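Reminder, nothing fancy here: chain letters follow the sequence lines and each chain counts from 1. FYI, side chains are in, hydrogens and waters are out, and symmetry mates aren't considered; it's all heavy atoms of this structure. Predicted model only: the values in this text are computed from it and were never measured.
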Number of protein chains: 2
Amino acid sequence: MSNLKAVAEHSQVSIATVSRVINNDPKVSKETMLKVQASIAVLEYKPNRVAQRLRSTSKKTKLLGLVIPDIQNPFFVDVVRGVEDYAYQNNFAVMIGNFGQDEKKEKLYLDILQSENIDGLIVAPIHGKDKGVENLVKKNIPVVCIDRGLTDIDVDVVKVDNEQGAFNAIDHLLSLGHKRIAFISGNFKIPTYIERLNGYKKAFVKHGVPYNENLVFARDTDYKSGFEIANKILELDDRPTAIFSGNNLLTLGALEAIHAKSIKIPEEISIIGFDDMPWSISLNPPLSAVRQPGFNMGRKAAEMLYDRILNPNSKKEKVILETELMIRKSTIRIE
Amino acid sequence: MSNLKAVAEHSQVSIATVSRVINNDPKVSKETMLKVQASIAVLEYKPNRVAQRLRSTSKKTKLLGLVIPDIQNPFFVDVVRGVEDYAYQNNFAVMIGNFGQDEKKEKLYLDILQSENIDGLIVAPIHGKDKGVENLVKKNIPVVCIDRGLTDIDVDVVKVDNEQGAFNAIDHLLSLGHKRIAFISGNFKIPTYIERLNGYKKAFVKHGVPYNENLVFARDTDYKSGFEIANKILELDDRPTAIFSGNNLLTLGALEAIHAKSIKIPEEISIIGFDDMPWSISLNPPLSAVRQPGFNMGRKAAEMLYDRILNPNSKKEKVILETELMIRKSTIRIE
DNA sequence: CTGAAAGCGCTTACAG
DNA sequence: CTGAAAGCGCTTACAG
């Protein structure tokens, strides 16, 4: 790889001048600029981003960190795509860490990204009291949280109206006559699931149906958890007539459990999921779901991070996006 | 962030010594080492990876590039997880670029990653004659190709036996009595799809059924393409009795098209996909598919890349993994 | 076993 | 408008 020095020699100027050309310093004379640009083209020179990052104090924002809980979840894939879309348009690079619900792994990625001198971080904290993320915020590293915020500290966050989304789903089910509605939730340490639980409860209040906490099951947020909890639910003496599953993977796991027992959806049990998927229509049966705008969430987070980098001291922002209830064929009226 | 200098002052040694401690240089005396380690702990010192990368000549392999065609495809998500799994265990960071089938975007990511001084690259080239990737190989940057190789140049590659996988799928269909079997393929510039086409043809030869090239449709590798091609197929005068779809996303798109027309699978049309998905059993109906070991492919590629970094001149390796035919409910015998 | 010094490839005051 | 020089945070011969 050619470097500044090679370009400088080729165009007979100092490396300082070449650097200025690269950085579009208006003080460089037109003539010099053209000469240097020609050399850059000839030598196929590309600035070394590592050296730039090490040296630069001005926020040129060349590298973003993105830390997510589970890349197997299509929702987070959408978020990644949204972040990446913005990054691509603005010539950032993105370094991704997927911690798979593992707190130690999250910590490691947070450390690595700091050591990589990222200009800012987009993260879905493993839980509401995530010390690792808190520390970054305290160190004044630009951070935007997605999907969930931090409970003890003020931070930029972009998420969805989880309470309303869950409310809509349960309201739909209760309107259809369901009363025993199981909730397969993720861990309640994650604020998202607390909010979804609140929406769940609120719907029961609205319909005057007593809320039964024995029907709320919270564990991990993965496929396996959905499968196993659904199995437990299906074996309950007084089997619920409907299931509300807390995320994509839980839904898919629950579906597998239901199908494995040859229980008919929606005739024998209704199910509605939080998170829609592009292929929901091709599931058996087409799945009713609460859709979250994952791509937009990612894009918005990247924008906010950019603002935060530019204005480190402006007021923190909370952006709440809307969900949309997609009614398909997995829920049915009962008597 | 504290730096070498701070640690050196704190423990009353030179920065060279601190550096040696960090790098486990055996020449450092036990006593000094302990003293320095204590300071590192007190100051919570973490080496700056950017400076290390800029300076270091020895291959400490701290940063891998990973460039994939489509992160929406669950197969590539598995690959990412595999790579990441190995990277995590070995304390690498991974910088991911998702080029979404866009050649310009792929080029940009390749440039960025080079500018980031990656120690090596794992990539699924956009097509067999990918000049960008070829250039990296020629520059002697360690590269491992996944899913598909390069046609004009010798390079490490780990992929699946595509021909055999496709053969197995079509052989299954032909054995079931199907003769008109449409193939929804990705672009034939991608070697993978050429190989799958070969397997497709071979099965016809084995069964003595004439191969009909009008039933082979190749375009993009995304959901939309699968949807649109399937629509075209379903409107054919002499409609095929079976569809073989070339990847996950094409399958999902085709399923949506079939369901939108309320055509019954498998009674009215059979379908089998290349690539399995964790939730295949929950599709309508449970999908028959050719399973590829995406996670293992990613892990193996990371391992091979590591070897390549250590031994830049050893012989290039081709690793061919096996596929597995998963027969579920989307294919049926016909007469 | 340890330190002083050079240097990786840049950027940026400072001087002219 | 341009150049010489310092320095970002490290590593690594070289010398002792």
Side-chain angles (χ1 to χ4, degrees), chain A residues 1-37 39-40 43-63 93 111-119, chain B residues 1-37 39-40 43-63 93 111-119:
Chain A
M1 295 285 282
S2 54
N3 55 19
L4 265 196
K5 200 167 151 226
V7 177
E9 279 166 11
H10 188 270
S11 52
Q12 312 266 41
V13 297
S14 72
I15 61 164
T17 298
V18 179
S19 175
R20 289 192 187 100
V21 171
I22 290 164
N23 293 295
N24 292 316
D25 187 325
K27 279 184 301 223
V28 180
S29 78
K30 186 102 191 177
E31 195 187 6
T32 314
M33 203 182 79
L34 260 35
K35 191 171 58 175
V36 172
Q37 280 171 342
S39 298
I40 288 175
L43 300 175
E44 297 187 343
Y45 169 71
K46 309 253 168 49
N48 181 315
R49 293 170 64 100
V50 179
Q52 288 182 317
R53 194 123 39 78
L54 181 62
R55 186 59 180 75
S56 180
T57 54
S58 77
K59 285 303 158 210
K60 295 261 201 77
T61 70
K62 296 285 186 74
L63 181 63
D111 283 347
I112 288 185
L113 290 174
Q114 273 184 88
S115 293
E116 292 284 359
N117 279 15
I118 51 169
D119 301 292
Chain B
M1 297 285 281
S2 53
N3 53 21
L4 267 195
K5 201 168 151 225
V7 177
E9 280 165 10
H10 188 271
S11 51
Q12 312 267 40
V13 297
S14 70
I15 60 165
T17 299
V18 179
S19 175
R20 290 193 187 99
V21 171
I22 290 164
N23 294 295
N24 293 314
D25 187 327
K27 280 184 302 223
V28 180
S29 77
K30 186 103 190 178
E31 194 187 5
T32 314
M33 204 182 78
L34 260 36
K35 190 170 61 175
V36 172
Q37 281 170 342
S39 299
I40 288 174
L43 300 176
E44 296 188 346
Y45 169 71
K46 309 252 166 53
N48 181 316
R49 294 171 64 100
V50 180
Q52 288 182 315
R53 194 123 38 81
L54 181 61
R55 187 60 180 75
S56 181
T57 54
S58 77
K59 287 303 161 208
K60 295 263 203 73
T61 71
K62 295 285 186 73
L63 180 64
D111 283 348
I112 288 184
L113 291 174
Q114 274 185 86
S115 293
E116 292 284 358
N117 280 15
I118 51 168
D119 300 292

When you measure from the side-chain N and O atoms of [X] to the phosphate of [N], is any distance below 4.0 Å, counting only OP1 and OP2?
X       : N      : value
B:Asn23 : D:dT11 : yes
A:Gln52 : C:dT11 : yes
B:Ser19 : D:dC10 : no
B:Ser29 : C:dT2  : yes
A:Ser14 : D:dA4  : no
A:Asn48 : C:dG9  : no

Using a distance-only criterion (donor-acceptor N/O pair, under 3.5 Å, no hydrogens), is the base of C:dG9 paired with the side chain of A:Arg49?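 Absent.
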Should the side chain of A:Arg53 and the base of C:dG9 be counted as holding a donor-acceptor pair, with the cut-off at 3.5 Å?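 Absent.
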With rounding to the nearest 0.5 Å, note down the distance linking [atom1] in [X] to [atom2] in [Y].
X        : Y        : atom1 : atom2 : answer
B:Ser19  : B:Gln52  : OG    : CD    : 8.0 Å
B:Asn48  : A:Asn117 : CG    : CG    : 4.5 Å
A:Glu9   : A:Ile15  : CD    : CD1   : 10.5 Å
B:Asp119 : B:Leu113 : CG    : CG    : 11.5 Å
B:Ile112 : A:Lys46  : CD1   : NZ    : 11.0 Å

Identify the nucleotide, in any strand shown, that forms a Watson-Crick or G-U wobble pair with D:dA13, with both distances under 3.5 Å; if there is none, say none.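 Matched D:dA13 with nothing under the 3.5 Å cut-off.
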Partner nucleotide, any strand, of D:dA4 [Watson-Crick/G-U, under 3.5 Å]: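 Base-paired to nothing in any strand shown.
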From D:dA4, C:dG9, C:dT2, nucleotide with atom closest to A:Ala16 side chain: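 The listed nucleotide nearest to A:Ala16's side chain is D:dA4.
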Measuring from the side chain of A:Thr32 (C-beta onward, heavy atoms only), which nucleotide among C:dC1, D:dC1, C:dT12 has the closest atom?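 Shortest atom-to-atom distance from the side chain points to D:dC1.
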Nearest whole Å is fine: how far is [N] [atom2] from [X] [atom1]?
X       : N      : atom1 : atom2 : result
A:Lys30 : D:dT2  : NZ    : C1'   : 18 Å
A:Lys46 : C:dG9  : NZ    : P     : 16 Å
A:Arg20 : C:dT11 : CZ    : P     : 11 Å
B:Ile22 : D:dC10 : CD1   : P     : 7 Å
B:Lys5  : D:dT11 : NZ    : C1'   : 17 Å
A:Ile40 : C:dC10 : CD1   : C1'   : 13 Å
B:Asn24 : D:dT12 : CG    : C1'   : 16 Å
A:Leu4  : C:dT12 : CG    : C1'   : 13 Å

Let me know, please, whether A:Ile15 or A:Met33 comes out on the 5' side of the other along DNA chain D by nearest nucleotide.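 Here A:Met33 is the residue nearer the 5' end.
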Mapping A:Lys27 and B:Leu54 to their closest nucleotides on DNA chain D, which lands nearer the 5' end?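 Mapping each residue to its closest nucleotide by heavy atoms, the 5'-most match is A:Lys27.
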Taking for each residue the nucleotide of DNA chain C bearing the nearest heavy atom, is the 5' side occupied by B:Ala51 or by B:Pro26?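 Final value for this comparison: B:Pro26.
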Over all strands shown, is A:Val13 touching base, sugar-phosphate only, or nothing at heavy-atom distances under 4.0 angstrom?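 Sugar-phosphate: the residue A:Val13, judged by heavy atoms under 4.0 Å, touches backbone atoms but no base.
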Under a 3.5 Å distance rule, please check whether B:Arg53 uses its side chain to pair with a backbone N or O of B:Glu116 as donor and acceptor.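 Checking the backbone N and O of B:Glu116 against the side chain of B:Arg53, a donor-acceptor pair under 3.5 Å is found.
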